[in-house]
Trainee: 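Structure incoming, see below.
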Amino acid sequence: MNKKRIIIIALLLFGLTSEVSAQTDYQPTQSNLEARQWFDEAKFGLFIHWGVYSILGDGEWVMNNQNIAIDAYEKLPSFFNPTEFDAEAWVKMAKDAGMKYITITTRHHDGFSMFDSKVSEYNIVEKTPYGKDILKQLTEACEKEDIKLFLYYSLLDWHNDDYFPRGKTGNGIAGRQEGDWNNYIKFMKAQLTELLTNYGEIAGIWFDGDWDKVNADWHYDEIYKLIHDLQPQCLIGNNHHVALKPGEDFQMFERDLPGENKTGFGTAASDVGELPREVCATINGSWGFDLQDKTHRSKRELVQQLVRASGFGSNLLLNVGPMPNGKIQEEHVQSLAAIGDWLNIHGETIYRSKAGSIAPTDAWVSTQKGKTIHLHLLEKRPKASVIPEFKERIKSVKLFADKRAVKFKQTKAGLLMEIPEAAQNEIDTIVEITLK
Ligand code: H79
């Protein structure tokens, strides 16, 4: 064999077995670049985890956590009849909360498709008494209210036999058979084609589950190309917790700020890239509806999470898990309304901002637009506040709330500000610093 042939064969073999396949020669279109910018400025979205698991009120991992056998789990769709589902009410709720987009689970790890799929009869239209396509209703409501729609799509599947060899999770589920991985890839491509063909403009695809089989060949090269060919503006994100892969348009961080790893499975600081960022989080401890989870976080905690995400140059995608009747639990409706009230007054310091030049700490973050820095003080201080290493030349310092001037001094210690305690706010004292 000549040298050239050996190289070609080696390349072919490498290409076929390569673990890190992605859309290597990807060049985002103008529409995609514009979509990225829109996304970067949007800052706040609603995550929706809804599936037949909501019936059990024990989160979206219930099939794995309770080791529910395939034939038993397959009974759930027959109980799913969300007669009180009102797509417009959901979209209005998101809009009133100050959210600019919605990301909904079209198929979670349980493998049940929450949309009208011709390539899997294990879907909401075929298998539930409800019999209607909630995704269709949601796309129509989103379009009407000018809210963008992203689709969560699980790579991991505990129900489909072709998800084989299996991964780390779901191994206690009885009734799983051995199937064909290439069929599984074909199946995902067919479903993604449906999602990107039958529902109008899709703002993004949100992949999850890569971590179940880190060394699998997911055929991202073909999958990402398929998505961008069908809808070039569609933003691709993948919750794989590692560095961005070619073909991806944004990077997400689950329950952690970019570069932090409080969860233990977070993305390493060195893997935080330069594309738009999104932090996703829950209001209580659960993604899917959990009847017993009462750990709802306060308005203060939720607003501060949004503010912190902005200070890290990131969006916040805040989750609700609708109930099996189609309603969203009242505690979460109230939480979203409370954030909306806050954003009505302070949104100017969040939307369209970039991470500010003052580095974030536990006590503060900053957002910035041109020469205006908004310093968000997230803890009350007796009177004075010191921002060390602040060297930029200042024109004025004011309180955002009433535009009252703040006494300040710039010394070697940094920027010293006198903010009377009475003028400080429990949630966020916003100081508006205008640079020269
Ligand atoms: O959809 C929501 C969750 O159901 C899904 N992502 C969010 C958006 C999610 N699944 N798992 N996780 C989040 C984190 C859990 C990771 C673990 Fe593991 C699974 C820890 C142990 C098993 C992955 C596999 C990390 C270690 C092994």
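The first residue of the sequence shown is numbered 1, and numbering continues consecutively from there. In listed order, ligands and their atoms are each counted from 1.
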Trainee: Which protein heavy atom lies closest to atom 1 (O) of ligand 1, and at what distance to 0.1 Å?
Mentor: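 Among all protein heavy atoms, the one nearest atom 1 (O) of ligand 1 is H49 NE2, 2.6 Å.
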Trainee: Distance to 0.1 Å, residue and atom name: give those for the protein heavy atom nearest to atom 5 (C) of ligand 1.
Mentor: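 The closest one turns out to be D208 OD2, 3.1 Å.
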Trainee: When you measure from atom 23 (C) of ligand 1 to every protein heavy atom, which one gives the shortest distance, and what is it?
Mentor: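 Looking at atom 23 (C) of ligand 1, the protein heavy atom closest to it is W211 CE3, 3.5 Å.
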Trainee: Is the Lys NZ or Arg CZ of K245 less than 6.0 Å from the centre of W218's six-membered ring, within 45° of the axis?
Mentor: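 No - K245 does not lie over the ring of W218 by the 6.0 Å and 45° rule.
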Trainee: Parallel, tilted or perpendicular: which fits the ring planes of F150 and Y101, with parallel below 30° and perpendicular above 60°?
Mentor: tilted
Trainee: Using only atom types and a distance under 3.5 Å, with no angle test, would you say the side chain of R297 pairs donor to acceptor with the backbone of T282?
Mentor: yes
Trainee: Only pairs at least two apart or in different chains count here, so list each salt bridge (charged side-chain N to carboxylate O under 4.0 Å, His left out) that has a residue in residues 256-266.
Mentor: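 Found E260-K262.
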Trainee: Check D40 with K354, please: is the shortest side-chain N to carboxylate O separation under 4.0 Å?
Mentor: yes
Trainee: Could you work out, for atom 19 (C) of ligand 1, the closest of Y152, F47, W61, F265 by heavy-atom distance?
Mentor: W61
Trainee: Which residue holds the protein heavy atom closest to atom 27 (C) of ligand 1, what is that atom called, and what is the gap in Å?
Mentor: K168 CD, 3.6 Å
Trainee: Does atom 7 (C) of ligand 1 have a protein non-hydrogen atom under 4.0 Å from it?
Mentor: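 Yes, because at least one protein heavy atom sits under 4.0 Å from atom 7 (C) of ligand 1.
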Trainee: Considering distance alone, does some N or O of W206 sit under 3.5 Å from an N or O of ligand 1?
Mentor: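 No - when backbone and side-chain N and O of W206 are compared with those of ligand 1, no distance drops under 3.5 Å.
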Trainee: Check this for me - ligand 1, E60, N or O atoms closer than 3.5 angstrom, yes or no?
Mentor: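 Yes; the residue has a nitrogen or oxygen that sits under 3.5 Å from a nitrogen or oxygen of the ligand.
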Trainee: Show me the pairs that pass ring-ring contact (aromatic ring centres under 6.0 Å, His included) and involve residues 122-148, at least two apart or across chains.
Mentor: F112-Y122, Y122-H159
Trainee: Evaluate the 4.0 Å heavy atom contact test for atom 25 (C) of ligand 1: does a protein atom fall under the cut-off?
Mentor: no
Trainee: Heavy-atom contact check, 4.0 Å cutoff: does H108 meet ligand 1?
Mentor: yes
Trainee: With I134 as reference, evaluate V125, T106, I104 under the side chain to side chain contact (heavy atoms under 4.5 Å, CB included) test and give the passing residue.
Mentor: I104
Trainee: Starting from atom 22 (C) of ligand 1, locate the nearest protein heavy atom and write down its residue, its atom name and how far away it is, to 0.1 Å.
Mentor: T169 CG2, 4.2 Å
Trainee: Which word best sums up how the rings of W50 and F85 line up, parallel for under 30°, tilted for 30 to 60°, or perpendicular for over 60°?
Mentor: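 Tilted: the ring planes of W50 and F85 meet at 30° to 60°.
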Trainee: Students should be able to answer this: which protein heavy-atom is nearest to atom 12 (N) of ligand 1, and at what distance?
Mentor: E254 OE2, 3.7 Å
